Amino acid sequence: MASRGLKLVGVGVVTVLAAAGGVTVWQWKAIQAHMTAGKLRTAKTSDERTAVAEQLLNSGEPGIAKLVDTFRTGTADECNAVADAVVAHLKDTPAGDPKCAAVCRPFLTASDTFNESGRDAAIELVPLFLRCGEPDAAERCRGLVKAGLGGANKASAVRFAVALGMKGEVVPLLNDPTAEVRRAALAAVGPAGVGTPAVETEELFRWLNDPDAEVRLLCEAALSTRGLEPDHVDAGRMLTHPEASERLKLLLELQRNRAAFRDPGPWLERLGRDPDPAVRAGAARVGYESKLEFGGWLDRLTSDPDATVRRIAAYHRQRAEELRQTGARE
């Protein structure tokens, strides 16, 4: 019995020592990760910071925890280095791989605690997060992308917003002061797609006059996917040009090019809402000369705030009515 008791005590001691040894090893790894993370803060170059982040990734759970902490408290340079290291670490990892999940899960779980720099850097990790196999990955990524649309990494956030069904939240960025962001937004919501467009075709016209040449080209390309011919794209450019003289040119084009504008009515109705009274008056005149059956837009012009517009619209409205009653049109 004494021998058996000694054996049991021996087994218990070994178990305790093994457990103690395990805790010691984990603690040692945590200490190493803490020391390595300190190097991330003192590194002078992007390459140095990325190398430190790679060390932490390779050290397992304690190192990954330190990288997640960087997204909570780190600078933009530190967070970007972490993102670069994670992308490189997982670039050849297939969807659902345990390695991918082990790295991405802690970031996803903590995503709502990231500081601004961490949220901006996390945008670049969205493709990895989406393929890691976590059940709430898509919802958490939507939160990151929504925050990113208002952050320093807007252009990247726009790309992922489309994939996550967030086109409507991209629309305000069409007015962003940065040309790169406007380009990304226009490429995302401008071309024809399935379902109701996030931006109506006519609403896109004003980006044909954007200060940035690439934005203008992207707008032309988007409109062409929506079925607009070059003549109509040019008309949209004139319609929304900031100079009234250019908008007046559209009136001449509608008269001259009847082959392209068999029904100039919708264009004239838009010109009838122009802020310049000369353009509104011209729309009434061209509408009559184009032998249109006038609708409510001409009646509205007869009550225009500008006296000259009211007079011209009333004159052409009366002539059109007289000709309609006699059954003749000039």
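For clarity, every value in this text was computed on a predicted model and none was experimentally measured.
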May I ask you to say whether [X] pairs ionically with [Y], meaning some side-chain N is under 4.0 Å from a carboxylate O?
{"X": "Asp212", "Y": "Arg182", "value": "no"}
{"X": "Arg140", "Y": "Glu134", "value": "no"}
{"X": "Asp306", "Y": "Arg280", "value": "no"}
{"X": "Arg270", "Y": "Glu202", "value": "yes"}
{"X": "Glu253", "Y": "Arg256", "value": "yes"}
{"X": "Arg285", "Y": "Glu289", "value": "yes"}
{"X": "Arg273", "Y": "Glu269", "value": "yes"}

Next item on the list: Begin with the C-alpha distance, continue with both residues' side-chain angles, and end with the deciding distance and a verdict on side chain to side chain contact (heavy atoms under 4.5 Å, CB included) for Leu56 and Ile64.
Entry: CA-CA 6 Å; Leu56 289 167; Ile64 294 170; over 6 Å; no
What I want to check is whether the side chains of [X] and [Y] have a donor and an acceptor closer together than 3.5 Å.
{"X": "Asn153", "Y": "Ser156", "value": "yes"}
{"X": "Tyr315", "Y": "Arg319", "value": "yes"}
{"X": "Asn175", "Y": "Arg206", "value": "yes"}
{"X": "Arg72", "Y": "Thr113", "value": "yes"}
{"X": "Asn209", "Y": "Glu246", "value": "no"}
{"X": "Thr302", "Y": "Arg310", "value": "no"}

Check: For Glu116, does the CD atom have more than 12 heavy-atom neighbours from other residues, nucleotides or ligands under 6.0 Å away?
Finding: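 Incorrect, the count does not exceed 12.
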Margin query: Tell me whether Glu229 at atom CD has more than 12 heavy atoms from other residues, nucleotides or ligands lying less than 6.0 Å away.
Written below: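 Open: at most 12 neighbouring heavy atoms sit under 6.0 Å from CD of Glu229.
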Taking [Y] as the starting point, is it possible to reach [X] by hopping between hydrophobic residues whose side chains are less than 4.5 Å apart?
{"X": "Val162", "Y": "Leu218", "value": "no"}
{"X": "Leu252", "Y": "Leu268", "value": "no"}
{"X": "Leu223", "Y": "Leu217", "value": "no"}
{"X": "Val309", "Y": "Val286", "value": "yes"}
{"X": "Leu239", "Y": "Trp207", "value": "yes"}

Next item on the list: Name the orientation class of the two ring planes belonging to Trp267 and Phe205 (parallel below 30°, tilted from 30 to 60°, perpendicular beyond 60°).
Entry: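 Ring orientation of Trp267 relative to Phe205: parallel.
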Next item on the list: Give me the ring orientation class for His232 and Phe261: parallel if the planes are under 30° apart, tilted from 30 to 60°, perpendicular past 60°.
Entry: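 His232 and Phe261: parallel rings.
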Taking the side chain as every heavy atom from C-beta outward, state whether [X] and [Y] have any atom pair closer than 4.5 Å.
{"X": "Leu271", "Y": "Leu254", "result": "yes"}
{"X": "Thr70", "Y": "Cys79", "result": "yes"}
{"X": "His34", "Y": "Pro62", "result": "no"}
{"X": "Arg247", "Y": "Met238", "result": "no"}
{"X": "Val52", "Y": "Arg49", "result": "no"}
{"X": "Leu90", "Y": "Cys100", "result": "yes"}
{"X": "Asn80", "Y": "Thr50", "result": "no"}
{"X": "His89", "Y": "Lys99", "result": "yes"}

Checklist line | Among Leu144, Leu173, Val181, Ile123, side chain to side chain contact (heavy atoms under 4.5 Å, CB included) partner for Leu149 | finding: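 Option passing the side chain to side chain contact (heavy atoms under 4.5 Å, CB included) with Leu149: Leu173.
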Notebook entry, point to check: Leu204 and side chain to side chain contact (heavy atoms under 4.5 Å, CB included): which partner among Thr240, Val199, Val233, Leu228?
Noted result: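 Option passing the side chain to side chain contact (heavy atoms under 4.5 Å, CB included) with Leu204: Val199.
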Checklist line | Stepwise side chain to side chain contact (heavy atoms under 4.5 Å, CB included) check, Val82 with Phe107 | finding: CA-CA 11 Å; Val82 170; Phe107 283 95; 4.1 Å; yes
State, to 0.1 Å, how close [X] and [Y] come at their nearest heavy-atom pair, and which atoms those are.
{"X": "Gln55", "Y": "Thr36", "answer": "CB-CG2, 4.1 Å"}
{"X": "Ala188", "Y": "Lys167", "answer": "O-CE, 3.4 Å"}
{"X": "Arg226", "Y": "Gly190", "answer": "NE-O, 2.8 Å"}
{"X": "Ala161", "Y": "Val170", "answer": "CB-CG2, 3.7 Å"}
{"X": "Leu164", "Y": "Ala138", "answer": "CD2-O, 4.2 Å"}
{"X": "Ala76", "Y": "Ser117", "answer": "N-OG, 3.4 Å"}

Notebook entry, point to check: Does the Asn257 side chain pair with the main chain of Ala260, one donor and one acceptor, at a distance under 3.5 Å?
Noted result: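 At least one qualifying donor-acceptor pair exists.
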Checklist line | Any donor-acceptor pair under 3.5 Å from Asp120 side chain to Ala152 backbone | finding: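 Present.
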Next item on the list: Decide whether a cation-pi geometry holds between Arg300 and Trp297; the criteria are a distance under 6.0 Å from NZ or CZ to the six-membered ring centre and an angle within 45° of the ring axis.
Entry: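 No, Arg300 does not sit over the ring of Trp297.
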Next item on the list: Hey, could you give me the CG/CD distance between Leu108 and Glu139, rounded to the nearest 0.5 Å?
Entry: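 Between atom CG of Leu108 and atom CD of Glu139 there are 12.0 Å.
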